[in-house]
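Accompanying notes for the structure given below.
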Amino acid sequence: MSRLPPISRRVFTSSTILAAAALALPDLRAQPQPETKKITIAVGGKAAFYYLPLTISEQLGYFKAEGLAMEIQDFPGGAKALQAVVAGSADICSGAFEHTLNLQSKNQLFQSFVLQGRAPQIAFGVSAKTLPNYKSIADLKGRRIGVSAPGSSTHMIATLVLSRGGLSAGDANFVGVGTSQGALDALRFGQIDALSNIDPVMTMLEQKGDVRIISDTRTLKGTAEVFGGPMPAACLYAPLEFIRKNPNTCQALAHAIVRGLKWLQTAGPGDIIKAVPESYFLDDRALYLASFSKVRESISLDGLIPEDGPRTALNALASCDASIKPDRIDLAKTYTNNFAQRAKERFKA
């Protein structure tokens, strides 16, 4: 009877290491196939840190690894991105959680299925150029306030800031300025008197002395001070009908985002610089990284929406918009953690 040649210690050791490595990696095979592989995601201001998990998952090939062919449409603000999904020109929206509440108040059922941000990352500041002697919210009456787009989260935060200072939304003029160079220019050139926006824009203006921050939700502490509890922010949400018809597709999307979230937990400045497009830096890498350090803790760790987060969001939205009736909103229909929970378990996020 022929004998098999002995296995060398080197071969055995190498095989053992490879086997151990395979066990340590997430299972990227044997996953249910997406019902729809070509997906269009609408986003309002993709270069902002608010949507960094989306960018990371795209740039590192995590969507492709899940069998998805992605098209990401970028719009000036979240409200514009939402309009694209409502109109049917995009399948999914990468946007603010509170949009699901607003939509339900209009009898449109949309549901969030994976969280990207656990704080809004929005700061509100007044212009050092046009309001150098600013003392209180009352000084903003009749002034021009820049927001990413009317109806967006930045608009909601601005309205909330005004209301807590005794002013109504009608006491100021809101101007859509986007979330990148347009927002920087609008404030620096005196086209607006205050700005409600996200990073890196706000940190860049702050460090150059162009703006004085008076309300800040870039940290968990600041968010709790403004909203009184956890405030879910950027997420992937879609029409409830789409989610029910395409559960494997939504699971693949959740896998990609949660994998990106896990990567971000340990990513250093050099990793971020290599991963994001050059255009995101707005010609200043150092300030871009300074912005990242400010918002890092606001990025979700595992894609799960906190249990009391939706109620916090509803209370905030209702305080800004009289048409929102909290007793008519079914919070259970605005989000699900099922997809994110499975992704969390798979990637050990």
Side-chain angles (χ1 to χ4, degrees), residues 43-59 77-78 94-98 114-125 147-148 152-154 156-158 161 178-181 183-184 195-208 210-211 213-227 230-236 257-258 260-277 279-282 284-306 309 312-313 349:
V43 59
K46 184 168 174 281
F49 283 116
Y50 193 80
Y51 302 111
L52 184 60
L54 176 71
T55 292
I56 292 301
S57 298
E58 176 197 26
Q59 294 293 114
S94 179
F97 171 77
E98 66 264 17
V114 62
L115 187 69
Q116 298 177 71
R118 52 184 181 163
Q121 298 183 14
I122 296 169
F124 186 100
V147 296
S148 59
S152 64
S153 294
T154 56
M156 182 191 75
I157 293 284
V161 170
T179 57
S180 56
Q181 193 63 49
L184 290 170
L195 178 64
S196 176
N197 221 289
I198 48 186
D199 270 335
V201 165
M202 296 307 291
T203 293
M204 290 181 169
L205 290 170
E206 189 179 12
Q207 291 204 2
K208 296 291 185 180
D210 295 314
V211 74
I213 303 297
I214 61 173
S215 181
D216 200 341
T217 65
R218 290 175 292 185
T219 65
L220 297 181
K221 181 176 181 292
T223 297
E225 290 173 352
V226 172
F227 295 102
M231 179 70 176
C235 62
L236 292 190
I257 291 293
V258 171
L261 293 174
K262 183 174 182 179
W263 184 89
L264 280 164
Q265 288 180 35
T266 56
D271 299 317
I272 297 296
I273 291 296
K274 292 176 183 176
V276 304
S279 60
Y280 285 24
F281 306 146
L282 296 177
D284 197 326
R285 287 191 180 193
L287 278 179
Y288 183 86
L289 292 175
S291 301
F292 175 62
S293 67
K294 274 184 176 288
V295 304
R296 185 165 196 159
E297 72 167 346
S298 70
I299 298 172
S300 174
L301 301 178
D302 53 18
L304 296 174
I305 291 181
T312 302

For this session: Please lay out, stage by stage, how F49 and Y288 fare under the test ring-ring contact (aromatic ring centres under 6.0 Å, His included).
Result: CA-CA 9 Å; F49 283 116; Y288 183 86; 4.5 Å; yes
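- In this structure R218 satisfies the side chain to side chain donor-acceptor pair (under 3.5 Å) test together with D199, T203, E206, D216, sequence neighbours excluded.
- Between D302 and L261, every side-chain heavy-atom pair lies at or beyond the 4.5 Å cut-off.
- Distance alone, capped at 3.5 Å, places no donor-acceptor pair between the T312 side chain and the M231 backbone.
- Atom CG of residue L282 and atom CG of residue L287 lie 9.5 Å apart, to the nearest 0.5 angstrom.
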Exercise for review: Kindly indicate, with the supporting measurements, whether the criterion side-chain contact (heavy atoms from CB on, under 4.5 Å) is fulfilled by F281 and V276.
Suggested key: CA-CA 9 Å; F281 306 146; V276 304; 3.3 Å; yes
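- Residues passing the salt bridge (charged side-chain N to carboxylate O under 4.0 Å, His left out) test with E58, sequence neighbours excluded: K46.
- Under the side chain to side chain donor-acceptor pair (under 3.5 Å) criterion, Q207 pairs with no residue at all, not counting sequence neighbours.
- Checking side-chain atoms of S196 against main-chain N and O of T154 turns up a donor-acceptor pair under 3.5 Å.
- With hydrogens and angles ignored, the 3.5 Å screen pairs no side-chain donor or acceptor of Q116 with any backbone N or O of A234.
- The salt bridge (charged side-chain N to carboxylate O under 4.0 Å, His left out) search around K221 returns E225, not counting sequence neighbours.
- In this structure, CD1 in I56 is found 5.0 Å from CG in L264, a value given to the nearest 0.5 Å.
- Using a 4.5 Å cut-off on side-chain heavy atoms (C-beta onward), S148 and I198 make no contact.
- The CE atom of M202 sits 4.5 Å away from atom CG of L195, with the distance rounded to the nearest 0.5 Å.
- For F227, there are no ring pair (Phe, Tyr, Trp, His ring centres under 6.0 Å) partners, not counting sequence neighbours.
- Residue S94 holds its OG atom at 6.5 Å from CD1 of I257, rounded to the nearest 0.5 Å.
- Taking R296 as the reference, nothing meets the salt bridge (charged side-chain N to carboxylate O under 4.0 Å, His left out) condition, with sequence neighbours excluded.
- Counting only heavy atoms from C-beta outward, the side chains of L301 and R118 approach each other to under 4.5 Å.
- Here the closest non-hydrogen pair linking W263 and A275 is CH2-CB, 4.0 Å.
- Under the 4.5 Å side-chain criterion, counting only non-hydrogen atoms from C-beta, M204 is not in contact with V201.
- Nearest heavy-atom pair across T223 and A119 is OG1-CB, 3.3 Å.
- In terms of heavy-atom proximity, A233 sits nearest to Y50 at C-OH, 3.4 Å.
- When every heavy atom of P230 is checked against every heavy atom of P306, the shortest pair comes out as CB-CG, 4.0 Å.
- Using a 4.5 Å cut-off on side-chain heavy atoms (C-beta onward), D210 and L184 make no contact.
- Atom CG in N197 sits 8.5 Å away from atom OG in S152 (nearest 0.5 Å).
- Taking CZ from F292 and CD1 from I273, the interatomic distance works out to 10.0 Å, rounded to the nearest 0.5 Å.
- Pairing each heavy atom of C235 with each of A96, the nearest pair is SG-C, 4.3 Å.
- Between A158 and V147, the closest heavy-atom pair is CB-CG1, 4.3 Å.
- Within the 4.5 Å cutoff, the side chain of S300 has no heavy atoms near those of the V114 side chain.
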